[in-house]
Trainee: 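What follows is a structure written as structure tokens; I'll ask about it next.
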Number of protein chains: 2
Amino acid sequence: MIKLTYAEENYLKAIYELTEAGKRSTSTNDISTWMKIKPASVSDMLRKLGEKTVIDYRKYYGVHITEEGKKLALRTIRKHRLWEVFLVEKLRFSWDEVAEVADELEHVQSPTLIQRLDEYLGFPKFDPHGDPIPDEFGDVRSRPRVPLNEIELDGTGQIVAVKDSSAAFLRYLDKVGAYIGARIKVLEKVEFDGSIEILVDNKKTIFMSKDVAGNILVIQ
Amino acid sequence: MIKLTYAEENYLKAIYELTEAGKRSTSTNDISTWMKIKPASVSDMLRKLGEKTVIDYRKYYGVHITEEGKKLALRTIRKHRLWEVFLVEKLRFSWDEVAEVADELEHVQSPTLIQRLDEYLGFPKFDPHGDPIPDEFGDVRSRPRVPLNEIELDGTGQIVAVKDSSAAFLRYLDKVGAYIGARIKVLEKVEFDGSIEILVDNKKTIFMSKDVAGNILVIQ
DNA sequence: TTTTTATTTTAGCCTTATCTAAAAAGAACA
DNA sequence: TGTTCTTTTTAGATAAGGCTAAAATAAAAA
Ligand SMILES: [Mn+2]
Ligand SMILES: [Mn+2]
Ligand SMILES: [Mn+2]
Ligand SMILES: [Mn+2]
């Protein structure tokens, strides 16, 4: 069985996230930028992860994650997202505060702990940011999601995720009254700048720029 | 503000536990034995903890914990015990399974997390082993506890802690039907070997050796 | 009070994970 | 197809935390 250190788990999770977002491979510099670790350090770690067969690494040509690696990355992501649910649902954290703490909790080693936590939370399928929680076998059921600015006039849906999950953006959404789970209806679409007006939970109307709307994902 | 690494937190907690148990100072070898780390490594760490002013360290003469160090040790102990309560009360862990996981969780850095966890658990005062949980200022209220073998014939009490908290001993207690919180009455004391018979929760009788009874602590 | 034993520290080595600076390789351009 | 620019790797350093073996010190015994 392959054993990973905390640092290795962080790299592998980053590589998984970077490669699942469309492209099948990622580069030393991408990982460096994403993780805020210098390229030289990334190179060295890639060599080590390659030796542990969790990634395919050809010097100068970027990395692909292996099946083994994917399984391990998904295990960490599962833990991260379950802890996020715990923090929000049980400890009343707001959804912009959880990432940092979950980045630590995700490394705690105890299969029983995660299994029981999952059960305790009622086997949630999505985390507070709307991202799917892999099951214990690494299977992920994702929902087809559309950026809010692409919903037609009078169209309805439910906010399930954000593209930009920076604390600043999340706080902004909280302030204007948008949140994961909110039922929305598009009341107006302004032609010339793409800004929109939406109705939230049949109660409150919000105006937002095309840029903001493009970072909000909904299911219809 | 003094920042400690995970390893330093573990050492400081060990030193606190070793010095609170009666004596006011402890030795390199004691720490080495307790933590299962070689004396040479302990020496080196004591030098570093001394430089950080969390212990008083005079080479060859053992260590005392400082006020600053005590505060930090109690913070870690508080986190450890709160997580133990969480694992037992919310995730149905048995009390002999929690120590290992709590030894990891106790290092997660987030004041909000601990505050909220405390609140979520209903501000518990004792952990599953009967040990007191320090408040956020490091204050501990302990109960006067007596070894079960010192309770007189027909005396009653409540099991609140164990001296030996090895998994083996805890499992043995579980098996015979003793547990933290159990109301007990001493039904018989055998003169020649000190073994006793007790009644648990007015339901079940248990025989135990003097050795076992001496490791069980009760309040009267 | 000297000698022996036990404890503790130091010296030197290893691994992990980071960094900066320099070298090498690949990609883009002329 | 060279030449230049960008990306990536290597080399060498540092810090944390562990180890073994050897040296130093304190405690116990003779
Ligand atoms: Mn992490
Ligand atoms: Mn998330
Ligand atoms: Mn610990
Ligand atoms: Mn405990």
Side-chain angles (χ1 to χ4, degrees), chain A residues 1-15 18-19 23-65 69 72-73 76 103-104 106-109, chain B residues 1-15 18-19 23-65 69 72-73 76 103-104 106-109:
Chain A
M1 228 298 142
I2 297 170
K3 268 273 277 176
L4 299 181
T5 63
Y6 282 20
E8 287 170 339
E9 283 187 345
N10 282 332
Y11 274 93
L12 198 57
K13 196 180 71 156
I15 292 166
L18 287 168
T19 55
K23 329 142 284 202
R24 301 210 338 92
S25 89
T26 191
S27 70
T28 301
N29 264 7
D30 284 352
I31 299 167
S32 167
T33 305
W34 182 251
M35 296 186 74
K36 300 196 175 80
I37 289 172
K38 290 287 174 298
S41 310
V42 174
S43 267
D44 200 49
M45 182 56 93
L46 293 183
R47 187 183 49 70
K48 287 192 261 177
L49 292 176
E51 280 166 13
K52 290 201 174 185
T53 72
V54 294
I55 59 171
D56 276 329
Y57 175 47
R58 270 185 58 217
K59 273 198 281 199
Y60 295 103
Y61 289 93
V63 295
H64 296 255
I65 198 157
L72 292 169
T76 306
D103 271 340
E104 279 194 69
E106 71 192 0
H107 303 291
V108 174
Q109 289 300 1
Chain B
M1 228 300 141
I2 297 168
K3 268 274 278 176
L4 299 180
T5 64
Y6 283 21
E8 287 169 338
E9 284 187 344
N10 282 332
Y11 274 95
L12 198 57
K13 195 180 71 156
I15 292 166
L18 287 168
T19 54
K23 328 141 281 196
R24 302 208 340 94
S25 89
T26 191
S27 71
T28 300
N29 263 8
D30 284 352
I31 299 167
S32 166
T33 305
W34 182 253
M35 297 186 74
K36 300 194 177 82
I37 290 173
K38 291 288 174 296
S41 309
V42 173
S43 269
D44 200 49
M45 181 58 93
L46 293 183
R47 188 184 47 72
K48 288 193 259 177
L49 291 176
E51 280 165 13
K52 291 202 172 185
T53 72
V54 295
I55 59 172
D56 276 328
Y57 174 46
R58 269 187 60 216
K59 275 198 281 198
Y60 294 104
Y61 289 93
V63 294
H64 297 255
I65 198 159
L72 291 169
T76 305
D103 271 339
E104 281 194 67
E106 71 192 0
H107 304 291
V108 174
Q109 287 302 358

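To find a chain, count down the sequence lines: A is the first, B the second, and so on, and within it residues start at 1.
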Trainee: Send over the distance from B:Asn10 CG to D:dA16 C1', rounded to a whole Å.
Mentor: 14 Å
Trainee: Tell me every residue that passes side chain to side chain donor-acceptor pair (under 3.5 Å) with A:Tyr61, counting only those two or more places apart in sequence or in another chain.
Mentor: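 Not a single residue meets the side chain to side chain donor-acceptor pair (under 3.5 Å) criterion with A:Tyr61.
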Trainee: Check the distance between D:dA16's P and B:Leu4's CG and give it to me in whole angstrom.
Mentor: 12 Å
Trainee: In terms of the angle between their ring planes, are B:Tyr6 and B:His107 parallel, tilted or perpendicular, with boundaries placed at 30° and 60°?
Mentor: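 Parallel: the ring planes of B:Tyr6 and B:His107 meet at under 30°.
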Trainee: Could you check whether A:Tyr6 gets within reach of a base, just the sugar-phosphate, or nothing at all, counting any heavy atom under 4.0 Å?
Mentor: nothing
Trainee: What is the separation between atom CD on B:Glu8 and atom P on D:dA15, rounded to the nearest whole Å?
Mentor: 14 Å
Trainee: Under a 4.0 Å N-O cut-off, is there an ion pair linking A:Asp103 with A:Lys13?
Mentor: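 A salt bridge links A:Asp103 with A:Lys13.
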Trainee: Does any N or O in the side chain of A:Lys59 come within less than 3.5 Å of the main-chain N or O of A:Arg47, such that one atom is a donor and the other an acceptor?
Mentor: no
Trainee: Just how far, in rounded Å, is P of C:dT9 from CZ of B:Arg58?
Mentor: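 So the two atoms are 11 Å apart, to the nearest Å.
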Trainee: Could you tell me whether a side-chain N or O of B:Glu9 sits under 3.5 Å from a main-chain N or O of B:Leu4, the two making a donor and an acceptor?
Mentor: no
Trainee: Report the distance from atom OH of A:Tyr60 to atom P of D:dT9, rounded to the nearest whole Å.
Mentor: 6 Å
Trainee: Quick check for you: to the nearest 0.5 Å, what is the distance between B:Ile15 atom CD1 and B:Ile31 atom CD1?
Mentor: 4.0 Å
Trainee: Quick check: on DNA chain C, is the nucleotide nearest A:Tyr11 upstream (toward 5') of the one nearest A:Lys59, or the reverse? Name the residue that is more 5'.
Mentor: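 Result of the comparison: A:Tyr11.
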Trainee: Sequence neighbours left out, what passes side chain to side chain contact (heavy atoms under 4.5 Å, CB included) with B:Ser32? Give chain and number order.
Mentor: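 So B:Ser32 forms a side chain to side chain contact (heavy atoms under 4.5 Å, CB included) with B:Pro39, B:Val42.
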Trainee: With a 4.0 Å cutoff (strictly under), does any side-chain N or O of A:Ser27 reach OP1 or OP2 of D:dT7?
Mentor: no
Trainee: Where along residues 33-54 of chain A does a heavy atom come under 4.0 Å from DNA chain D, residue by residue in number order?
Mentor: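 Output list: A:Pro39, A:Ala40, A:Ser43.
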Trainee: Using OP1 and OP2 only, check whether a side-chain N or O of B:Tyr57 sits under 4.0 Å from C:dT9.
Mentor: yes
Trainee: Phosphate oxygens OP1/OP2 of D:dA26: is one of them under 4.0 Å from a side-chain N or O of B:Tyr61?
Mentor: yes
Trainee: Any side-chain N or O of A:Asn29 below 4.0 angstrom from OP1/OP2 of D:dT8?
Mentor: yes
